[in-house]
Every structure is written in structure tokens, then in C-alpha cells.
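Atom set for the values below is all heavy atoms of this structure, side chains included, hydrogens, waters and symmetry mates excluded. Quick caveat, the model's predicted, so the values are computed rather than measured.
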Amino acid sequence: MNKNTKIYRKVVKRKTSINYTRFALVCVVPTTTLLILFLLMNKIAQKANNSTNNKQITTSLPDINGSLPTPKSTNNATIQPRINPTISVNKNNANIGQININDNQSEVWEYTANVDTNMRLIPQEDYKQASNNLSKDNKLNSQLIYRVNQQNFKYTSELQTKVNAIVQFVNDKRLPTQHLSVSLIKLNSPVCCEYAGYSDGTPRFPASITKLFWMVYLYGLYEEGYLGKGEVSEKALRKMIQDSDNESASLIVDKITRTKSSAELPPDEYQEWYQKRLALNNFFKAAGYDPINISQKLFPTSYSKNDSPTGADLQIRKDDFYPIRNYTTTRDVARLLLEIEQEKSISSKYSRQMKRLLKRSLKKEDWQNKPFNAIQGFLGEYLPENAYFASKMGWNSKTRNDAAIIASPDGKHKYILVIFGDDPSFYQDKTVLPEISRMLYEQMTQ
């Protein structure tokens with residue numbers, strides 16, 4: 001074989017090898033891409049199947065001086081002017097979000113809901129399934145309910161105008177109003193209780209505002225004798241409410257539900273554990289708080305030694321890709337604060353104790369140098385230092401929420417304001433809640 005023949009064969013061999021490689025890439029890359037797309041679409045389809053039916057329904061506008069109806073839902077809203085008094089809402093487990101009327105009441109605004117809150121609700125079957133697997137002791141415990149009659153809020157166009165101004169302010173700051181919820185109650189009005197809201201029936205992640213509900217549940221256990229006074233230390237309770245301490249909150253959840261964070265549990269043990277946690281929801285659902293889920297601990301905690309849930313605390317979320325998380329509405333948070341303020345929550349004695357825990361000083365020297373305080377970046381920061389302020393805030397890197405009872409120094413003007421900003425942009429903007437609160441305070445006290 002001469003030299004030229006050898007060189008020719010080497011060239012042919014190399015070209016053949018390159019062609020095989022190219023052929024493999026042509027086949028493998030599209031196949032892999034299609035497989036990835038298939039898996040992604042499958043996940044999206046599963047999420048869609050779990051979402052609520054978005055079928056639109058229409059309800060008539062309530063009497064301006066009457067109470068809001070209890071319709072089924074609303075969510076991310078787009079504003080469209082309408083002369084005809086109708087409201088377009090979506091069919092799920094939330095209440096209606098808002099009804100807009102301008103100052104002269106000549107034009108009604110329709111809010112058309114675009115429902116996709118990314119909030120997965122607990123299936124009702126879970127409550128039934130879990131309750132069938134209870135021990136006698138837990139069946140007794142599950143009978144504890146929140147014994148407060150649901151109040152009818154009185155919708156007023158005057159308050160709605162103020163809520164509309166809040167929504168417009170948020171919109172002007174280029175923050176997403178579709179991830180905003182607002183509830184406003186006027187406390188010292190002749191008729192109880194004047195109310196207005198925006199997306200106030202949309203279930204959203206409350207973050208540490210969940211601790212407000214855990215506090216009420218704890219006092220309910222005290223009142224009914226299910227838990228001895230002192231079984232939860234006053235120090236732990238104060239740290240949970242005043243400092244929003246997750247470690248104290250975790251210990252309190254363990255005590256009031258008789259559960260503990262643990263490794264993943266087998267089915268029978270998990271159902272027993274799950275029902276004990278669901279008792280927190282049942283307690284409030286019996287009084288009309290719905291949708292609600294306050295059954296999950298908040299992370300991170302040094303108590304858990306983890307930055308995120310593991311074991312049973314992960315099982316309760318059901319799915320990493322589309323987990324069930326805690327949720328409630330601004331309307332229900334405002335209602336709970338109202339019941340505490342009126343001393344109807346659990347008992348007048350325990351309501352007064354709760355108000356003392358929620359009350360905060362607005363003097364800068366009392367909060368300015370305190371890390372993770374409940375004033376800076378929230379509803380109290382720009383208020384007068386001598387104003388009355390009782391609150392429970394909640395936040396993480398994706399949300400900024402606050403719920404407060406606010407009054408002028410002379411007590412002549414008093415109201416409840418609850419705001420959920422369920423988007424990272426609200427967390428990043430540390431002035432939006434203080435600015436809203438100052439604007440509303442000036443309007444309410446004029």
C-alpha cells in the first residue's frame with residue numbers, strides 16, 4: 001500500500017467519524033429537547049388540573065348601604081368602567097374582591113377577575129379522610145371551635161374611594177396590583193362596621209400574620225380547659241407576636257396541636273398527625289373563616305435546624321413543584337382584628353391580653369435599632385409617634401404584609417387596615433406600606 005493510499009484512507013475515516021458525530025448530535029439533541037419539553041408540559045398540566053375552575057359568573061351589585069354578599073371568588077383584577085351595576089367574578093373558594101364607585105356614585109366600576117393566584121387549596125376530602133382516622137383523644141380535641149358569630153360588614157362608597165386611592169398609588173409605583181389585597185374597616189362610625197376592600201377574598205400567603213391565628217387558638221384552648229395556663233410560657237408567646245420569632249412559634253404550634261416536627265411518617269401515623277394540624281383550620285372554619293390554612297409552621301427556625309421544611313412538615317405540603325402553603329384573606333384577617341378590638345375573640349379577658357400583645361410603640365428609639373422590627377418598612381413607620389398602633393406583620397423574600405389597628409392620639413379616628421403584597425416587588429419596596437399608611441391616616445383623620 002503506497003503512502004498516498006494510506007493518507008486517503010485516514011482522511012475518509014476521519015470524515016466518516018465526523019459524520020457519525022454530526023448524525024448523533026442531530027438525533028440526540030432534538031430528542032432530548034423534546035423530552036424536556038414533554039416533562040415540563042406534563043408538570044404544567046398537573047398544576048392546571050389542580051387549579052380551580054375559572055368559569056365566570058355574574059352577580060348583581062348590593063345595596064350601597066347594605067352588606068356585601070358572600071359570593072364565591074375574585075382574584076387578579078383588571079379595571080373596566082361600566083355604567084350597568086354588575087360585577088364579574090370567578091368561581092372558586094374566595095370571596096369577592098372589590099366594588100368600585102366614584103365620589104358622585106354616577107358610575108360603577110366592574111372588576112373582571114383573571115384567576116390564577118398560584119395558591120393551591122386543601123381538598124375537602126382531606127378533612128373527611130383524616131377525621132376517620134382519629135383516636136378518641138383527638139376526636140375530642142377536634143370539637144374545639146371558635147365561637148364568634150360572623151358580622152355583616154357595611155359597604156360604603158366613602159371607604160371604597162380610599163381603598164381605590166391605595167390601589168392607584170400602588171399602580172403608580174409600578175407595583176403589580178394583581179398581587180395586592182386590601183381590607184379597610186372604620187371602627188368609630190355610627191354603623192358597625194363600615195368596610196371596603198380590594199381583592200380581599202383572594203387567598204394569599206400571610207407569612208407571619210399566621211401567628212395572629214395561632215395566638216387566638218392558644219387562648220381558645222385556655223378558655224375551654226384543653227390546655228393549662230402556663231403550659232405555653234408568656235415569654236414564648238410574646239416573642240412569637242412582638243418579635244415574630246419563628247422558633248417560639250414552632251414550639252407553640254407543637255404544644256397547641258400536640259404534634260412535633262419529625263421525619264417522614266408512614267400513612268397511618270401521618271393521617272393522625274395531619275388531623276391534629278387540620279384542627280387549627282377547623283377551629284376557624286366553624287366560624288366562617290374560609291378559605292383558610294394555618295396548619296403549617298414557618299421557616300427558617302433554629303428549632304428545626306433547617307431553612308425549609310423536611311419530613312412531616314414537607315409531607316403536609318404534598319408537592320414540591322406546586323405545594324400547599326398557608327393561606328388566608330385580608331378580609332378574614334381584618335375580621336379577626338375586629339373581634340379582638342371589640343373584645344369578642346374567645347373572651348373579653350383574653351381579647352384584652354391579645355390587644356396588649358399586639359400594641360406597639362411608634363417612638364423611634366423603641367424600634368429603630370431593633371433588627372427585624374415590626375415598624376420599619378411596614379404600616380407604622382410614617383405614622384405620628386403618639387398614634388395608637390397594634391399590629392402583626394409578615395414578610396419573606398416574596399411578600400410584604402401587615403395588619404394593624406390604628407387610631408389618632410385623641411381616639412376620635414380609629415380603623416383597621418390589612419394589606420397583602422404577594423410579590424417580590426413588594427418585599428423589595430420598603431416604602432410602599434409606610435407611604436400608604438401615612439396617606440390613609442391623613443384621609444381618615446381629616
Side-chain angles (χ1 to χ4, degrees), residues 44 47-48 50-52 54 73-79 90 92-98 111-121 163-184 197-210 244 291-294 296 298-300 307-308 317 320-334 372 374 376-379 381 391-404 417-437 439-440:
I44 292 171
K47 180 177 177 179
N50 288 324
S51 298
T52 313
N54 291 341
S73 78
T74 190
N75 269 313
N76 308 340
T78 55
I79 306 173
N90 278 14
N92 66 9
N93 290 326
N95 296 324
I96 198 161
Q98 59 289 316
Y111 280 75
T112 303
N114 303 313
V115 175
D116 181 9
T117 63
N118 259 341
M119 187 59 66
R120 182 180 174 192
L121 306 187
V163 171
N164 294 347
I166 292 173
V167 179
Q168 187 62 53
F169 177 80
V170 171
N171 185 65
D172 290 344
K173 285 179 71 74
R174 299 185 181 278
L175 296 173
T177 55
Q178 69 267 30
H179 297 296
L180 174 73
S181 290
V182 182
S183 286
L184 176 63
Y198 172 85
S199 288
D200 59 338
T202 301
R204 300 194 190 277
F205 178 63
S208 285
I209 289 178
T210 307
S244 204
I292 188 169
N293 180 32
I294 54 168
Q296 298 177 16
L298 299 169
F299 295 87
D307 289 340
S308 58
R317 295 194 176 195
D320 286 342
F321 181 76
Y322 187 33
I324 292 176
R325 305 183 71 199
N326 286 337
Y327 52 80
T328 187
T329 67
T330 57
R331 183 182 172 93
D332 277 348
V333 173
F372 306 114
Q376 190 170 14
F378 295 95
L379 295 176
E381 185 176 4
S391 75
K392 184 70 201 78
M393 57 76 170
W395 63 273
N396 63 15
S397 62
K398 297 180 180 178
T399 190
R400 181 176 294 275
N401 308 327
D402 206 357
L417 176 62
V418 182
I419 297 181
F420 285 1
D422 193 15
D423 185 82
S425 58
F426 288 97
Y427 162 73
Q428 293 158 7
D429 191 329
K430 293 179 172 55
T431 64
V432 60
L433 293 194
E435 288 172 342
I436 287 171
S437 187
M439 177 181 72
L440 182 64

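Heavy atoms only, all atoms of each residue included: Arg400 and Trp395 are closest at CA-CB, 4.3 Å. Smallest separation of non-hydrogen atoms from Pro434 and Glu381: CG-OE1, 3.5 Å. Between Ser181 and Arg204, the closest heavy-atom pair is OG-NE, 2.6 Å. The shortest heavy-atom contact between Phe372 and Met393 is O-CE, 4.1 Å. Residues Leu379 and Leu433 come closest through the heavy atom pair CD2-O, 3.6 Å. Closest heavy-atom contact between Leu180 and Ser199: O-CB, 3.4 Å.
Note that CZ of Phe378 and CD1 of Ile436 are 12.5 Å apart. Values are rounded to the nearest 0.5 Å. The OG1 atom of Thr202 sits 10.0 Å away from atom CE of Met119, with the distance rounded to the nearest 0.5 Å. Atom CZ of Phe169 sits about 8.5 Å away from atom CG of Leu175, to the nearest 0.5 Å. Taken to the nearest 0.5 Å, the CG atom of Asn396 stands 13.5 Å off from the CZ atom of Phe299.
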> Checking side chain to side chain contact (heavy atoms under 4.5 Å, CB included) for the pair Asp200/Val418: CA distance, chi angles, key distance, verdict?
Replying inline: CA-CA 9 Å; Asp200 59 338; Val418 182; over 6 Å; no
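With sequence neighbours left out, Thr399 forms a side-chain hydrogen bond (donor to acceptor under 3.5 Å, both in side chains) with Asn401. Legend: residues meeting side-chain hydrogen bond (donor to acceptor under 3.5 Å, both in side chains) with Thr328, ordered by chain and number and at least two apart, are absent. Partners of Arg325 according to the side-chain hydrogen bond (donor to acceptor under 3.5 Å, both in side chains) rule, which considers only residues two or more places apart in sequence or in another chain, do not exist here. Taking Ser183 as the reference, Tyr195, Thr330 meet the side-chain hydrogen bond (donor to acceptor under 3.5 Å, both in side chains) condition, with sequence neighbours excluded. Pro176 is linked by a side-chain contact (heavy atoms from CB on, under 4.5 Å) to Gln178, His179, Asp423, Ser425, Phe426, counting only residues two or more places apart in sequence or in another chain.
Checked against Tyr198 for a side-chain contact (heavy atoms from CB on, under 4.5 Å), the options Ile419, Thr177, Ile166 give a single hit: Thr177.
The stretch residues 425-434 participates, sequence neighbours left out, in these salt bridge (Lys or Arg N to Asp or Glu O under 4.0 Å) pairs: Lys173-Asp429.
Annotation: side chain of Leu121 is in contact with side chain of Pro203 (closest heavy-atom distance under 4.5 Å). Looking only at side-chain heavy atoms (C-beta outward), Phe420 and Val333 come within less than 4.5 Å of each other. In this structure, the side chains of Leu184 and Leu440 come closer than 4.5 Å at one or more pairs of heavy atoms.
Under the 3.5 Å distance criterion, the side-chain polar atoms of Arg120 are matched with a main-chain donor or acceptor of Tyr322. Between the side chain of Asn293 and the main chain of Tyr327, no donor-acceptor pair closer than 3.5 Å is present.
Side chains of Gln168 and Asn164: a donor-acceptor N/O pair is absent below 3.5 angstrom, by distance only.
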